[in-house]
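Each chain gets a letter, A, B and so on, in the order its sequence line appears, and its residues count up from 1.
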Number of protein chains: 2
Amino acid sequence: MDLPPATAAFVLHFGEMGSRWGINRTVGQIYALLFLSERPLPADEIAQKLGFSRSNVSMGLKELEAWRLVRLQHLPGDRREHFSTPEDVWQIVRILAEERRKREVDPTLTLLRDTLMQRPASAEEAHAQARMQSLYEVISLLTGWMDDVQKLPDERLIALLKLGGRVARVLEATERFQEIVTRKPRRRAAKEG
Amino acid sequence: MDLPPATAAFVLHFGEMGSRWGINRTVGQIYALLFLSERPLPADEIAQKLGFSRSNVSMGLKELEAWRLVRLQHLPGDRREHFSTPEDVWQIVRILAEERRKREVDPTLTLLRDTLMQRPASAEEAHAQARMQSLYEVISLLTGWMDDVQKLPDERLIALLKLGGRVARVLEATERFQEIVTRKPRRRAAKEG
DNA sequence: TTGAATTTTCAGAAATTGCTGAACATACGC
DNA sequence: GCGTATGTTCAGCAATTTCTGAAAATTCAA
């Protein structure tokens, strides 16, 4: 591997991380290299820098394209295809979230929905369905939230994340406000009464 | 595999999903089976139901314990260890988030921090560092947010998620309120002026 | 067109990961 | 303690995944 040490460390780390996710080591390393690169790189240069065969790099880039994690471009005076990652890390996060959702979450929701349509044939099956139902609800809520925040512009999303748990306070305040406005009396704990 | 059809479908699906994540097929299936089960199951029963060897199940359960995804208990009058998943799906989500963070995110942050301490030896390395810096910032923000919402009780977390993107409106309102209170004049677009 | 440069495909080799049975370890009732 | 039921480990076989080189396909300039 023909890289400055910090780059090499990052590339190796992402190779390992890649294999903990579904993605394989080669693909993780190619992505990491492109992410750090100053300029778009052609496949043969990637192969040379990482010490992989040209064909392996070709397959890895295909997979990254399928994930929409790299884009292809042509540089003037060079016939080769050059690859790069988006500049903006938030852009990358959004793409990752969409793709993982499409590949992992949606099929799971479909399976759960289909199963929940069936009539359970025994108490055991009824229990299994109840479990699936509660899983379905949690996943729906999480993905619904994701859909929602995906629509926010970067700036708002970042503001929201920075606010973190303090959002809960704002909500509390809003709830109390609602209670007052609708004149619904506050509930009291037994001790208070 | 000796299971009612809906259970079998769910178990197989989670096996596949497991292998898309770092976790392997066996482990995914064991987890899915326990998740749906009405009662805690002993290892030999798991092995029988899924058609795996007893030793394979033993290793799978060890891994699930390391992830804190199953708990072990003893039933009266039975010497065998029985395994179950938490009842509450939100509890499971929290554990998953913590464990993935510990295994995947924290080591990455450490690597980035260490690398960013070094002095770049070239323009190329300086660029790579700048990229790592922006990645570091995004990951920090995301994990900081996660830490924050992890502290909320379930009820509040759920309320927050249900609110989804509408939170942004509350924030906007709050910002405008801040502007008014601090008497900082609202910025106007060119067209308005 | 032609042919050189580049990319893709794919059969099979190499590496990795998963799985099993047998041996070993441990826990528990007696 | 003893013996049996239960749990763990691990060497090695099996299955899967990854990777390569060679060949085929594509692209593009002339």
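Rounded to whole Å, the distance from NZ on A/Lys62 to P on C/dT9 is 7 Å. Regarding B/Asn56, its CG atom lies at a distance of 16 Å from the P atom of D/dC10, rounded to whole Å. Protein atom CG of B/Asp44 is 7 Å distant from nucleotide atom P of D/dG7, rounded to whole Å. Distance CD1 (A/Ile46) to P (C/dT8): 11 Å, rounded to an integer number of Å. What separates CZ of A/Arg54 from P of C/dT6 is a distance of 10 Å, to the nearest Å. Atom CZ in B/Arg80 sits roughly 6 Å away from atom P in D/dT6 (whole-Å rounding). For the pair A/Glu63 CD and C/dT8 C1', the interatomic distance rounds to 16 Å; values are reported in whole Å. Atom pair B/Phe52:CZ and D/dA14:P shows a separation of 18 Å (rounding to whole Å applied).
The backbone N or O of B/Phe35 sits less than 3.5 Å from a side-chain atom of A/Arg131, completing a donor-acceptor pair. A donor-acceptor pair under 3.5 Å is absent between the side-chain atoms of B/Arg71 and the main chain of B/Pro86, judged by distance alone.
Side-chain atoms of A/Ser84 and A/Gln73 form a donor-acceptor pair, as typed in the model, at a separation below 3.5 Å. Using modelled atom types and a 3.5 Å distance limit, the side chains of A/Gln129 and A/Gln133 yield no donor-acceptor pair. Between the side chains of A/Thr7 and B/Glu125, no donor N or O sits under 3.5 Å from an acceptor N or O.
Each of A/Met59 and A/His82 has a nearest nucleotide on DNA chain C; the 5'-most of these lies closest to A/His82.
For the pair B/Arg100 and B/Trp21, the distance from NZ or CZ to the six-membered ring centre is under 6.0 Å and the angle to the ring normal is within 45 degrees.
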Quick tally for nucleotides 22-30 of chain C: nucleotides whose base has a protein heavy atom under 4.0 Å get B, sugar-phosphate-only ones S, the rest -, giving -----BB--
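For the ring pair (Phe, Tyr, Trp, His ring centres under 6.0 Å) test, residues two or more places apart in sequence or in another chain that qualify with B/Trp145 are A/Trp145.
The side-chain heavy atoms of B/Tyr136 and A/Val89, taken from C-beta on, include no pair separated by under 4.5 Å.
Closest non-hydrogen pair, A/Leu36 versus B/His127, comes out as O-ND1, 3.1 Å.
Proximity of residues 16-41 of chain B to DNA chain D (heavy atom under 4.0 angstrom from any strand atom) is not detected for any residue.
Across C/dT20, D/dT20, C/dT7, the shortest atom-to-atom separation from the side chain of A/Ser53 is found for D/dT20.
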